[in-house]
Amino acid sequence: MTLAGFRAFCILIVLFAVCASVKGEDGYRLWLRYDPLPEQEGERFREIVTSIVAPEGSPALDAARRELAQGCEGLLGRAIPFIDTPDRDGAIVLGTPKSSPFIAALRWDQSLALLGPEGYRIRSVNLRGKSVTVIASQGDRGALYGAFHFLRLIQTHEPINDLNLDERPRLQLRMLNHWDNLDGSIERGYAGRSLWKWEELPAKLDPRLRDYARANASIGINATALNNVNANSRSLSLDYLHKAAAIADVFRPYGVRVFLSARFSAPMELGGLKTADPLDPEVVAWWKKKADEIYGIIPDFGGFLVKANSEGQPGPRTYNRDHVDGANMLAAAVAPHGGAVVWRAFVYDMKPGYDRAGAAYENLQRFDGRFAENVLLQVKNGPIDFQPREPFHPLFGAMPRTQLMPELQITQEYLGFSNHLVFLAPMWREFLDSDTHARGRGSTVARIAQGAFYRGRGRGMTGMAGVANTGTDRNWTGHHFAQANWYAFGRLAWNPHTSSEEIAGEWIRMTLTREPKWVEWISRLMLESHEALVDYMTPLGLHHIMWPGHHYGPAPWWDRGERQDWTSVYYHRADRRGIGFNRTKTGSNTVVQYFPPVRDVFSDPKRCPEIFLLWFHHLPWDYRMRSGRTLWDELALRYQRGVEWARTARREWDAHTGVIDPERHRAVADKLAIQERDAVHWRDAVLLYFQTFSKRALPDGVEQPRLTLEEYRAKSLDW
Ligand code: BDP
């Protein structure tokens, strides 16, 4: 070897080492990994994908081209050339009738129009004697979504030789709500700091912004509210609007529109007005001017997200006006620009003796039909607050002339932060499949969200929001498996009828392994995880017994605080006689907010699903459960069952080395050890405390607590 040759060799070695270390399995690539397929599979796909015919022209089409090329190259292990005409077998023809003469020639305009600008068609066709795959949409964004779908098929080893599928989103606004503060912290965030890095904007753009938008586009998320609903007025100042505009520029090619949370009192704090009364002409003018200013800077701005008169936030009621006055005033400001107002229904004021579960309904139901056409009312899945399990919110179905938009929490505030492996798709499925009976049988939440029963004015805007679980952690979500919840939210917002099994299977095959037996095992783990978490945290309808403030770990004994409805004893009502919150007519009677026969079923302890029993009923410790056991025994055994699941999950995971890369395996193993520790802690602390009322022994099969009640009370679980 010559000296020059030896040098080149050394440089190559160093480069190789650098690449290998950069690539490390840290989870950064999410489900968009594009690693080479196994040789045989690769061969099969390489015949069907030989080249790409895709127009440049718009940022979204460019993004689609880039993604297709990058994805195919990675998966198939060789560069796939762009060509001008589909004159060879295996060309992938991507675009819209407007941008691609080949797609125009197919004369699909009308059928593509039915799929809308975000829908798309992927079809294997014969084009002038050549077998090609067409990815076509009426709009550029649809073409991008189609490109991601096509790549997903290859990633998950689905056949792509005879494709014929039409797809369109069922909901219009598929939105992440970031509870990010301007100082970089994230309210209820468990995966590092805010991705936005406000202090560096607009001059410096973190490359992660693009990767974030790309990940969202890959699952159809098309909107992002950048800042916390507990909003700071400054986010609407000119400075911050330019920062938000820089973010919007990065997101735009990926079809993600930016929203901002608006603080209702901003006209006073930013504008120096004496009031923020929504009927005051100066206030109205201020918001109008502010909206004009925003649209001058961010032309496709989505609109405002508002938390008003909730948990200390200002709102129209601060000025003796109502929610309609407030929402419609803001809606009028953004309407000329095509913007929307997402108004939150998370409103509850503490009145003596009231039931928080009924508060949002009491506050808002009567305004049905009065919100402007560009207002969506964002309603949490359950009537209290993102608990591990809640019955569906009674506002679903009860406001047929209002555009209701479900709000889910992806970040695991009450579900073990980013420490617990819990796949949320089954929980969201349970919610979406709940039958409200509002318009007879089959009036499910999913159909209501899709606007199936909408009787109000206008076009009936639809949407779904998820409180994001992302942050600056290298793997985005803290726990590798929490990525699956971001993924699941996107897939369900796209189509709220997708099954949990399908979502889990897709995600695992894209992210972890394609080996069928391992897919099956990990899928089972994921699908069981939510029920298991409910077992070891809040079984049988218990709720809100977490440690106050941070909400990690149990504190069922908590009985003091600013507000009664921020204590645990308010919710479980355990006493000498029994346990549970009586919401039937002998109690708070908020069960009447549900339609019959739902309310009758919930009202009758014999018919009420046991998963909601203590949500609606206060029952004696000796109450006979369907299993024949007493309530006390059943409760204790549920906690035990949860612990056993966590223990088995941890053991199984530990035993399965080699299924995925060691880096992610270890990271998950460490988290599962915490989850097991926490499950034991939950069981012991909660049962010891309730035992002070039940005065009964733990049934056979339930392990004895490790510590004393005093020890559990002394110190919160550490995360
Ligand atoms: C509660 C959270 C709180 C949020 C609130 C909300 O604890 O941090 O501000 O929800 O949704 O669950 O506004």
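These values consider heavy atoms only, across backbone and side chains, with no hydrogens, waters or symmetry-generated copies. Everything numeric in this text was worked out from a predicted model, so none of it was measured. Counting starts at 1 for both ligands and their atoms, in listed order.
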Report the residues that fulfil ring pair (Phe, Tyr, Trp, His ring centres under 6.0 Å) with Tyr552, sequence neighbours left out, ordered by chain and then residue number.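 Tyr552 satisfies ring pair (Phe, Tyr, Trp, His ring centres under 6.0 Å) with Phe417, Trp719 only.
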
Sequence-distant partners of Asp280, salt bridge (Lys or Arg N to Asp or Glu O under 4.0 Å), two or more places apart: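 With neighbours one apart ignored, the set is empty.
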
Excluding sequence neighbours, so at least two apart, what forms salt bridge (Lys or Arg N to Asp or Glu O under 4.0 Å) with Glu407?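 With neighbours one apart ignored, the set is Arg344.
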
Are any of the side-chain nitrogens in Asp355 or Arg583 under 4.0 Å away from the carboxylate oxygens of its partner?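 So Asp355 pairs with Arg583 through a salt bridge.
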
Taking only Lys NZ, Arg NE, NH1 and NH2, and the carboxylate oxygens of Asp or Glu, determine whether Arg234 and Asp239 approach each other closer than 4.0 Å.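 Answer for the salt bridge query: no.
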
With a 4.0 angstrom cut-off on heavy atoms, strictly below it, pick out the residues next to ligand 1 and order them by chain and number.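 Close residues (ligand 1, cut-off 4.0 Å): Trp179, Glu187, Arg188, Val229, Asn230, Lys307, Glu311, Arg344, Phe346, Lys380, Asp385, Glu413, Tyr414, His551.
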
Within the structure provided, determine whether Leu201 and Lys197 are in side-chain contact (heavy-atom separation under 4.5 Å).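 They are not in side-chain contact.
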
